[in-house]
Student: 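What follows is a structure written as structure tokens; I'll ask about it next.
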2 protein chains.
Amino acid sequence: MKTRERIVEVAIRLFNAEGINAVGVREIARTLGISPGNLSYHFPRKEDLLVEMLTRVTAGNDRHFQKFREGRPSCESFLQVMEQVFRNQYRYRGIFLAQEEMRRIFREFYDYRAVEKRRKDFLREFFSDLVVAGELKAEAGELAFLGAFTGFLGRFWILEAFFTQDDRSEDEAVRHYLGMLAWQLHLLATEAGKKGLEKYLLYLQA
Amino acid sequence: MKTRERIVEVAIRLFNAEGINAVGVREIARTLGISPGNLSYHFPRKEDLLVEMLTRVTAGNDRHFQKFREGRPSCESFLQVMEQVFRNQYRYRGIFLAQEEMRRIFREFYDYRAVEKRRKDFLREFFSDLVVAGELKAEAGELAFLGAFTGFLGRFWILEAFFTQDDRSEDEAVRHYLGMLAWQLHLLATEAGKKGLEKYLLYLQA
DNA sequence: GTCTATACGCGGATAGAC
DNA sequence: GTCTATCCGCGTATAGAC
């Protein structure tokens, strides 16, 4: 495997395990058995590593969302795509825990506004489709709230998952937050929509 | 004013303005006109400063919640207490943006579980009271979801506020997230409960 | 293009003098 | 309580080998 790829792989692993600030570039290089200078050659600054990961997680999510526009919209299928998104985010969980760094990177290197706008448009469109498909019954204000909630949850669920208890497995965490999403949709779903949500409602743990 | 108090004050200001990682202990000392060693005397590690701020914001929130148990429970009064809590958090916003550090501190120095349990119990009890008072109409699962949502929003609203746009004023940000809370309650409120929420529904911005 | 060796300046932390 | 001096590890930059 290319050195560059190996670096990204080890960096993700270490960042996820110990936190971005706790892991130095020297430690990454040592783990790989290369020199710090070599790491600097591939990624001049530590930030460049974070940008790389950010690009990957965003690209993955885009794929999941995109793929989804093809099928028939339903509450259940929405939760299915969100599960894929959550698992993709979990893979890069280290960067979601270091919000201060991410904020700086978003402002300096990465066009976060564009990503956010894309998500927002997708959610709005998708929830409107759910109303048309007879899965949701909601008016404009409620739909706006639903979009805000979904964006909020999707952005911060990992943080809460690791804050409250870090002995929880990926499956347990993902299910818990899919459960929250399901309860939210349930409050605005038609009888048809509720059918597809029942399974997910059970995921929300006390 | 005591040196210790002056340190905390300046540190909050700098942390809020530039971020916890961007501000070094030397900068804090320089701003105060004292030596780095003196700062170390009052707060041996930078973490101790963060613990101090965490203690203050938690104590403030406790006071707001406590004071609230006395009055008659209503949806509107709940939003009033949450506004005070939000403003208290905003005062210490710097620490909410540095989640990785906070997580470490919670695990090593600060009994976060206890704080969290207190909040959770309060919310559960309070929402049950709202049902009894005829302000909410919800069953157990919905109440559990409402509690989870409120905890989630209360923990991370500041992060989203500063992520999406940092040109927003304190008032605008606080109102936006009170608006989200109001929409959530609205979905489970009785006619009586909805009355007290109308004003807040308008706060949610597109 | 890929890599090693090395140096610089800054950060948090600590020991010990006043 | 307050200070100076000092230590070590960090992110970063670069000269030069292959």
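Proteins get letters first, then strands, A, B, ... in listed order; numbering begins at 1 in each. Values below: every heavy atom of this structure, side chains too, minus hydrogens, waters and symmetry copies.
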Student: Taking atom NZ of K67(B) as the centre, report whether more than 12 heavy atoms of other residues, nucleotides or ligands fall under 6.0 Å from it.
Tutor: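 Counting neighbours around NZ of K67(B), more than 12 heavy atoms of other residues, nucleotides or ligands fall under 6.0 Å, so yes.
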Student: Where each residue is assigned the nucleotide of DNA chain D containing its nearest heavy atom, which of K2(B) and P44(A) is assigned the position nearer the 5′ end?
Tutor: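 Nearer the 5' end of the strand: K2(B).
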Student: Describe the nucleic acid contact of R45(A) in one word from base, sugar-phosphate, nothing, applying a heavy-atom distance below 4.0 Å.
Tutor: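 Sugar-phosphate, no base atom in range.
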Student: Write down the distance between CD1 (I7(A)) and P (dT2(C)), rounded to a whole number of angstrom.
Tutor: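 In whole Å, dT2(C) P lies 11 Å from I7(A) CD1.
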Student: Rounded to whole Å, how long is the line connecting atom CD of E27(A) with atom C1' of dG11(D)?
Tutor: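 Atom-to-atom, E27(A) to dG11(D), this comes out as 14 Å.
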Student: Considering only dG1(D), dG1(C), dA13(D), which nucleotide approaches the side chain of S40(A) most closely?
Tutor: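 Of the options given, the side chain of S40(A) lies nearest dA13(D).
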Student: Think H42(A) has a side-chain N or O under 4.0 angstrom from the OP1 or OP2 of dC3(C)?
Tutor: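 Yes, within the criterion.
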Student: How long is the line joining NZ of K46(B) and C1' of dG11(C), in whole Å?
Tutor: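 After rounding, the reported distance stands at 8 Å.
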Student: Think R93(A) forms a cation-pi with Y90(A), using NZ or CZ under 6.0 Å from the six-ring centre and within 45 degrees of its axis?
Tutor: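 Yes, R93(A) lies over the aromatic ring of Y90(A).
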Student: Please determine, for the side chain of R26(A), which listed nucleotide (dA7(C), dC3(D), dC3(C)) has the closest atom?
Tutor: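 So the nucleotide nearest the side chain must be dA7(C).
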Student: Measuring centre to centre across the rings, with the benzene-like ring taken for any Trp, is F156(A) within less than 6.0 Å of F152(A)?
Tutor: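 Between F152(A) and F156(A), which both carry aromatic rings, the centre distance is below 6.0 Å.
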Student: Hey, is the side chain of N38(A) poking within less than 4.0 Å of OP1 or OP2 on dT2(C), counting only N and O atoms?
Tutor: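 For dT2(C), OP1/OP2 do not have a side-chain N/O of N38(A) under 4.0 Å.
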Student: Round to a whole Å and report the spacing from CG of L49(A) to P of dG11(D).
Tutor: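 Going from CG in L49(A) over to P in dG11(D) covers 11 Å.
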Student: Using atom CZ of R4(B) as one end and atom P of dT2(D) as the other, report the distance to the nearest whole Å.
Tutor: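 My rounded result for the distance is 12 Å.
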Student: May I have the distance from L14(A) (atom CG) to dG11(D) (atom P), rounded to whole angstrom?
Tutor: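 Nearest whole value for this atom pair: 12 Å.
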Student: Quick one: does any side-chain atom of Q184(A) pair with a main-chain N or O of F149(A) as donor and acceptor, under 3.5 Å?
Tutor: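 No, Q184(A) side chain to F149(A) backbone: no donor-acceptor pair under 3.5 Å.
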Student: Rounding to an integer number of Å, can you tell me how far L32(B) CG sits from dC3(D) P?
Tutor: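 That distance rounds to 10 Å.
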Student: Could you check whether G24(A) gets within reach of a base, just the sugar-phosphate, or nothing at all, counting any heavy atom under 4.0 Å?
Tutor: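 Since only primed, P, OP1 and OP2 atoms lie under 4.0 Å of G24(A), the category is sugar-phosphate.
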Student: Among dT2(D), dG11(D), dT2(C), find the nucleotide with the atom closest to the side chain of T3(B).
Tutor: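 Of the options given, the side chain of T3(B) lies nearest dT2(D).
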Student: Flag the pair R91(B) and E9(B) as a salt bridge only when some basic side-chain nitrogen lies within less than 4.0 angstrom of an acidic carboxylate oxygen.
Tutor: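 Salt bridge: no.
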Student: Rounded off to whole Å, could you give me the CD-to-C1' distance for the E5(A) and dT2(C) pair?
Tutor: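 The distance from CD of E5(A) to C1' of dT2(C) comes to 17 Å, rounded to the nearest Å.
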Student: Please tell me which of N21(B) and I34(A) maps to the more 5' nucleotide of DNA chain C, matching each residue to the nucleotide holding its nearest heavy atom.
Tutor: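 Here I34(A) is the residue nearer the 5' end.
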Student: Which one, dC3(D), dT4(C), dT2(D), comes nearest to the side chain of Y41(B)?
Tutor: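 That would be dT2(D).
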